[in-house]
**Q** 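Attaching a single structure in structure tokens format; questions to follow.
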Amino acid sequence: MIIEAETLTYSYDEHLAVDHISFSVDKGEILGFLGPNGAGKTTTTKMLTGQLIPQEGWAKILGIDISSDPKKVHERIGVCFEEKNLYPRLTVRENLKFFADLFGINPDLDELLKRVDLTKWADDRAETLSKGLQQRVMFARSLINDPDILFLDEPTSGLDPISADAIRQIIVTEKRKGKTIFLTTHNMMEADKLSDRVAFINEGKIVALDTPENLKLKLGKRALKVRMRTQTGFEEETLPLDDPKTPERTKDLLKTKEVATIHTQEATLEEVFIQLTGRKLEQ
Amino acid sequence: MNPQCVKAIAKKDTIAAMRNSLVLMGLISGILFAGVYYVLPASVEETFDLAVYGESQFFSQFGEEEGIAFHPFGSPGDVEKAVDEGDYVAGLVLPENFDSLLMSGKKPEITLYFDSEQPENVRTSITYFMELAVESAALQTPLPQMEGEILGEDMAGEQIPLREQSIPLYLVMALVMEMWTISTLIVEESAAGTLRAVLVTPASPSDVILSKGIVGIGYSLLVAVAIIILTQTFRGDLPVLFLGVLLGAILSVTLGLFLGSLTENIIGSYIYVGVPLLVLILPGLVILLPGVSLSVMKVIPTYYLVDAVNQILNHGAGLSDVWKEFAVVGVFDVIFFFLGVTALRRRYS
């Protein structure tokens, strides 16, 4: 296992932010880590990246206990933060060069800039960039040391759809190269599309951990939505897929009504989350 | 400690600081302030220059050896104008036939003008001197003979001009201004959240603190050297002077580290740094003010730096003379270093 967490626990004064969570991530796997604000996502990420020392439990990254030897781990991971944290007075290239210098490496910065489509802004100061461009610089920064594990916190937040898709493509490419990715996101579609497995965290506890398909199958509603024309407009009827009467009712509707569209109504991860926790992810 | 990280952070901070207008302003203003040096008098005036209207053999007998020089003017109005314009310490207007009036037992009226900026002790001294001289002339008796004994080294003719006395002030000001640089670098790193990004690389909190300390000391020494060059202060024991400047730079940087750890926003840092900065400059100012006791300043760490620099530059002191002052500054360096590093490590961890 590339990431192993065992009964990780952390409290801020009286508030138990992370409550004895255990999970593991395999090499080349993308784990989507989902939960509403304050659920414990950031605290978990901080413990996994050595920014916080667990009050209970332990985490091993690449087989190394992160609490006892964080610097050895830091050499082999890349972290992309949600909040913008670039050096505003340094240019994009200088920001990346600085981090390359910290790792004592000399990567091809032009190639990296090209990958994240930042070549045009290479010599602009970070403070002059839009939020989306800054996000791309931070993403590029997390790749600078060609890390074995990427910890990505809302990597596409604030990006336009095309840029967001470009970042997702890079994430998929990194996965194909055998990199492990710990993806924290609010974006259900993104998590569903990219993650091999997703973990739902709520009030400091992991409430579900499985592949998106399994979660949707186990906990989602399978239904068929039929939309029909009427004299005054449209009407809809939802038919449960698992109901034995559904095939007959569908035939009946096709015969007797002017059916405009029929769609399967697969449960979304959002619905699964609500079903599990009674909360929305955006809360 | 990771030398490659220290080098990278120091390089980054040097670039970032030079692009920070506030830091740059502090750096340049410290140097520019030394320009005041050229406005201050380059020599000590040991003679009272008096503008005089009227003839008298009594006054003409006093030469410059008494420390008073008489400059004749054509009218009482010219005397008044010359004193008013600050060209003379005082003006003396004697009535017509002053000597004969005096000799005949009358009391001729003498008018004394004083420049408004002359201190009370100067006005009183000149008045007493005039009264004594007139009384001596009237009574036909010589002035009393007084034997003055100088205690310590006689500095007559060798007094230290104000501009030379002011150099410790410029050095201290420039050094303590670097407190601003270092605390700004620290606060910005926290406020921008960049510290989190740095600490998930091979760099440790110690690397961050050490590199910022190196940048701060580098800037301090740069400014101090600029001031020494600008004021052409190539005298005294220069290696000992540089040792003092280095200790002062460390004092400024360690205090900057500590003060920078107390707040997480730029505005807060201005308050936390601004007040101590003014206090630390005080000993440098007080040394210029006659009559103010420096002993009350002994609780301020920079007092010992000012005192040592003053002794080195203006009294030819060497290491054997100022080692105690250096030791006190060194103790403060160690105290602030531990306070700063402890506070920052706590925050960064």
Side-chain angles (χ1 to χ4, degrees), chain A residues 42 45-53 61 66-67 69-91 93-106 125-128 134 137-142 144-145 147 149-153 182, chain B residues 1-27 181 184-212 214-215 219 264-266 269 344-349:
Chain A
T42 304
T45 309
K46 280 184 175 178
M47 286 192 279
L48 293 176
T49 54
Q51 297 175 71
L52 285 177
I53 297 168
I61 308 295
I66 182 71
S67 301
D69 199 353
K71 289 298 139 194
K72 203 169 175 183
V73 172
H74 290 158
E75 284 175 7
R76 295 173 62 188
I77 65 169
V79 183
C80 182
F81 298 87
E82 183 183 8
E83 71 270 24
K84 305 293 169 282
N85 58 1
L86 297 168
Y87 289 98
R89 293 186 185 88
L90 299 190
T91 65
R93 191 187 297 278
E94 285 169 343
N95 264 285
L96 296 177
K97 178 74 172 70
F98 167 56
F99 278 83
D101 289 344
L102 289 177
F103 284 101
I105 54 174
N106 193 17
R125 284 195 193 182
E127 63 192 349
T128 65
Q134 288 189 30
V137 182
M138 294 202 311
F139 184 72
R141 187 177 71 187
S142 68
I144 199 123
N145 57 329
I149 308 173
L150 272 168
F151 289 90
L152 306 176
D153 195 352
F182 189 85
Chain B
M1 196 197 74
N2 185 329
Q4 95 196 359
C5 291
V6 173
K7 188 180 162 194
I9 301 167
K11 185 180 158 194
K12 180 267 297 173
D13 279 342
T14 306
I15 297 168
M18 292 310 287
R19 290 178 186 167
N20 184 330
S21 53
L22 280 172
V23 168
L24 205 58
M25 200 171 73
L27 199 70
T181 306
T184 301
L185 288 174
I186 285 168
V187 173
E188 275 195 342
E189 192 93 63
S190 297
T194 44
L195 190 62
R196 276 186 73 196
V198 169
L199 293 181
V200 292
T201 70
S204 67
S206 303
D207 297 332
V208 177
I209 296 166
L210 183 62
S211 54
K212 290 191 189 309
I214 289 170
V215 172
Y219 272 129
E264 289 193 18
N265 65 73
I266 296 291
S269 78
L344 282 172
R345 283 189 69 89
R346 187 175 294 169
R347 179 197 278 189
Y348 291 176
S349 302

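From a predicted model like this one, the values you see are computed outputs, not experimental measurements. Each chain gets a letter, A, B and so on, in the order the sequences are listed, and its residues count up from 1.
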**Q** Please flag which part of B/Asp207 lies under 4.5 Å from any non-hydrogen atom of chain A: side chain, backbone, both or neither.
**A** neither
**Q** Go through the atoms of B/Val198 and report whether side chain, backbone, both or neither lie under 4.5 Å from a heavy atom of chain A.
**A** both
**Q** Counting only heavy atoms closer than 4.5 Å, note whether A/Ile53 contacts chain B via side chain, backbone, both or neither.
**A** neither
**Q** Strictly below 4.0 Å, N to O, side chains only: are B/Lys7 and A/Asp101 in salt-bridge contact?
**A** no
**Q** Any idea how A/Tyr87 and A/Phe99 line up, ring-wise: parallel (<30°), tilted (30 to 60°), or perpendicular (>60°)?
**A** tilted
**Q** Under 4.5 Å heavy-atom distance to chain B, tell me which part of A/Lys46 shows up: side chain, backbone, both or neither.
**A** side chain
**Q** Are A/Glu127 and A/Lys84 close enough for a salt bridge, meaning some N to O gap below 4.0 Å?
**A** no
**Q** To check you understand the geometry: which heavy-atom pair defines the closest contact between B/Asn2 and B/Pro202, and what is its length?
**A** ND2-CB, 3.9 Å
**Q** Check whether A/Phe151 gets within reach of chain B through its side chain, its backbone, both or neither, counting any heavy atom under 4.5 Å.
**A** neither
**Q** Is a salt bridge present between B/Glu189 and B/Arg196, judged by a nitrogen-to-oxygen distance below 4.0 Å?
**A** no
**Q** Quick check on A/Arg76 against chain B: is it the side chain, the backbone, both or neither that has a heavy atom closer than 4.5 Å?
**A** neither
